[in-house]
Amino acid sequence: MEHDSHTTWEFNGSFYQPSALLMMGIPGLEALHHWISIPFCALYLTALLGNCVILFIIKKTQSLHEPMYYFLSMLAVTDLGLVLCTLPTTLGIFWFNIRRIGFDACLTQMYFIHILSFIESSVLLAMAFDRFIAISRPLRHSSILTKSTVMKIGLVIILRSMVSLLPIPFLLKRLTYCGKIELSHSFCFHPDIMNLACADIKVNVFYGMIILLSTVGMDFVFIVLSYILIIKTVIGLATKEECLKALNTCVSHICAVLVFFIPMIGLSMIHRFGKNVPPLVNALVAYTYLIIPPALNPIIYSIKSSQIREALLRALRRKTESEW
């Protein structure tokens with residue numbers, strides 16, 4: 001294993017903690033990192049530009065100032081946060097082979113990655129609830145989900161994620177580490193850091209599993225229940241056209257849910273049960289989980305939402321006319 005010559009160990013009796021850890025790019029393909037960085041740059045650029053455009057369009061278009069698009073704005077901000085959390089370390093490895101990250105910096109990055117992931121899960125649940133209200137109670141939709149209610153939901157989502165994950169860095173700081181300092185990814189995950197310890201990690205495993213199941217797990221269950229209720233409501237509509245129109249409003253959200261939850265569940269399973277999974281598969285699933293959703297979400301909503309598409313085309317026309 002490669003060790004950084006500047007990585008030292010802090011000693012305090014029987015307690016050992018590395019001053020830094022070594023991140024990993026794509027195992028087995030280190031010689032191709034410069035070439036691999038090209039699609040990663042394209043994905044990061046798509047995510048940054050796409051989510052900024054979504055936020056700009058929603059802010060400038062008065063007709064989009066409604067609950068569905070407020071939640072979409074939250075999703076876009078969360079995706080931007082995820083991109084900005086992982087971009088420096090990932091491209092740092094691919095371009096300059098900068099693998100070293102300070103232990104405290106790693107814990108900070110891990111905390112924000114997990115917070116933003118939990119926020120994204122909760123925002124997707126809020127969007128499912130919004131679709132259910134819009135389809136089952138269309139006349140009361142705007143009175144139930146007022147602007148202040150949406151803001152309160154957003155605040156609760158942020159506080160729930162921050163508070164539930166706050167103990168995680170401290171649980172990792174209390175552990176003793178001995179020798180292994182190489183992570184599995186180009187960013188920091190709780191299970192990844194935890195598995196470097198040579199102390200008893202049962203508390204970390206138990207707390208991590210409880211928090212995951214009680215937040216993201218429950219979000220996923222309630223999203224599924226929301227769609228069961230939506231389908232039940234849609235079946236009761238008078239005509240086939242009404243059914244299709246109602247379901248069409250949910251397509252973008254269903255795609256966003258699948259793009260987020262499938263790789264997240266896969267990565268969780270790999271970290272907990274996939275000790276024999278090849279490192280390459282582990283790395284690819286992690287990148288899919290953290291980079292693909294922020295890049296695809298603005299594309300999905302731009303294609304499927306006629307209101308966003310039309311607002312974007314109007315903005316482009318105005319820019320073209322002003323240039324002429």
Side-chain angles (χ1 to χ4, degrees), residues 26 36-58 64 68-91 94 112-128 130-131 157 185-187 189 216 219-220 223-224 226-227 247-270 281-313 315-316:
I26 298 183
I36 293 169
S37 71
I38 296 172
F40 275 82
C41 287
L43 287 169
Y44 278 128
L45 190 61
T46 301
L48 290 170
L49 289 177
N51 287 293
C52 285
V53 167
I54 290 287
L55 290 171
F56 176 79
I57 291 296
I58 292 173
L64 299 182
M68 174 181 174
Y69 297 103
Y70 290 142
F71 288 128
L72 180 56
S73 296
M74 293 181 198
L75 189 68
V77 170
T78 306
D79 283 339
L80 284 172
L82 277 171
V83 167
L84 294 174
C85 274
T86 61
L87 185 151
T89 51
T90 300
L91 294 186
F94 288 161
F112 280 103
I113 286 175
H114 286 302
I115 279 181
L116 290 164
S117 297
F118 280 30
I119 289 174
E120 180 139 353
S121 169
S122 300
V123 170
L124 289 170
L125 171 59
M127 294 173 84
D130 169 69
R131 289 300 82 212
I157 286 171
H185 310 292
S186 59
F187 29 75
F189 277 132
V216 178
D219 289 345
F220 184 72
I223 288 171
V224 172
S226 295
Y227 273 101
L247 288 174
N248 193 48
T249 64
C250 302
V251 172
S252 301
H253 181 255
I254 292 170
C255 291
V257 167
L258 294 176
V259 164
F260 176 76
F261 278 101
I262 290 175
M264 184 186 202
I265 293 169
L267 186 62
S268 297
M269 293 298 103
I270 286 172
V281 174
N282 188 2
L284 292 177
V285 173
Y287 286 124
T288 301
Y289 163 51
L290 284 180
I291 300 175
I292 298 298
L296 283 187
N297 283 340
I299 295 173
I300 290 168
Y301 277 94
S302 297
I303 291 171
K304 291 303 299 178
S305 173
S306 59
Q307 288 175 285
I308 288 182
R309 195 167 60 248
E310 288 165 8
L312 180 58
L313 291 173
L316 290 173

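Bear in mind the structure is a predicted one, so any value in this text is a computation, not a measurement. Numbers here simply count residues along the sequence, with the first being 1.
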Are [X] and [Y] close enough that some pair of their side-chain heavy atoms sits under 4.5 Å apart?
X    : Y    : result
S186 : T86  : no
S305 : Y69  : yes
L43  : V83  : no
R131 : S226 : no
E120 : N297 : yes
I26  : I36  : yes
L75  : Y301 : yes
F189 : L290 : yes

Gap between atom [atom2] of [Y] and atom [atom1] of [X] - 0.5 Å precision:
X    : Y    : atom1 : atom2 : result
T78  : F260 : OG1   : CZ    : 9.5 Å
I113 : C85  : CD1   : SG    : 5.5 Å
L87  : L45  : CG    : CG    : 10.0 Å
D219 : S121 : CG    : OG    : 3.5 Å
I291 : L82  : CD1   : CG    : 10.0 Å
I265 : I270 : CD1   : CD1   : 12.5 Å

Side-chain donor or acceptor of [X] paired with backbone N/O of [Y] under 3.5 Å:
X    : Y    : answer
D130 : A126 : no
R309 : I303 : yes
T288 : P263 : no
N51  : P294 : yes

Ignoring hydrogens, what is the shortest heavy-atom contact between [X] and [Y]? Give both atom names and the distance.
X    : Y    : value
V216 : F261 : CG1-CE2, 3.6 Å
L267 : V285 : N-CG1, 3.7 Å
A256 : L124 : CB-CD2, 3.9 Å
I57  : L312 : CD1-CA, 3.7 Å
A295 : T46  : O-CG2, 3.7 Å

L72 and L64: CA distance, side-chain angles, deciding distance, side-chain contact (heavy atoms from CB on, under 4.5 Å) verdict
CA-CA 10 Å; L72 180 56; L64 299 182; over 6 Å; no
Strictly under 6.0 Å, is that where the ring centroids of Y287 and H185 end up?
no
Begin from the C-alpha positions of C41 and L91 and carry the test side-chain contact (heavy atoms from CB on, under 4.5 Å) through to its verdict.
CA-CA 8 Å; C41 287; L91 294 186; 4.0 Å; yes
Parallel, tilted or perpendicular for F40 and F94, by the 30°/60° rule?
perpendicular
Should the pair Y227 and H253 be assigned to parallel (<30°), tilted (30 to 60°) or perpendicular (>60°) ring geometry?
parallel
Please evaluate residues Y44 and T90 with respect to the criterion side-chain contact (heavy atoms from CB on, under 4.5 Å), reporting the C-alpha separation (whole Å), side-chain torsions for both, the decisive distance (0.1 Å), and the verdict.
CA-CA 10 Å; Y44 278 128; T90 300; 3.4 Å; yes
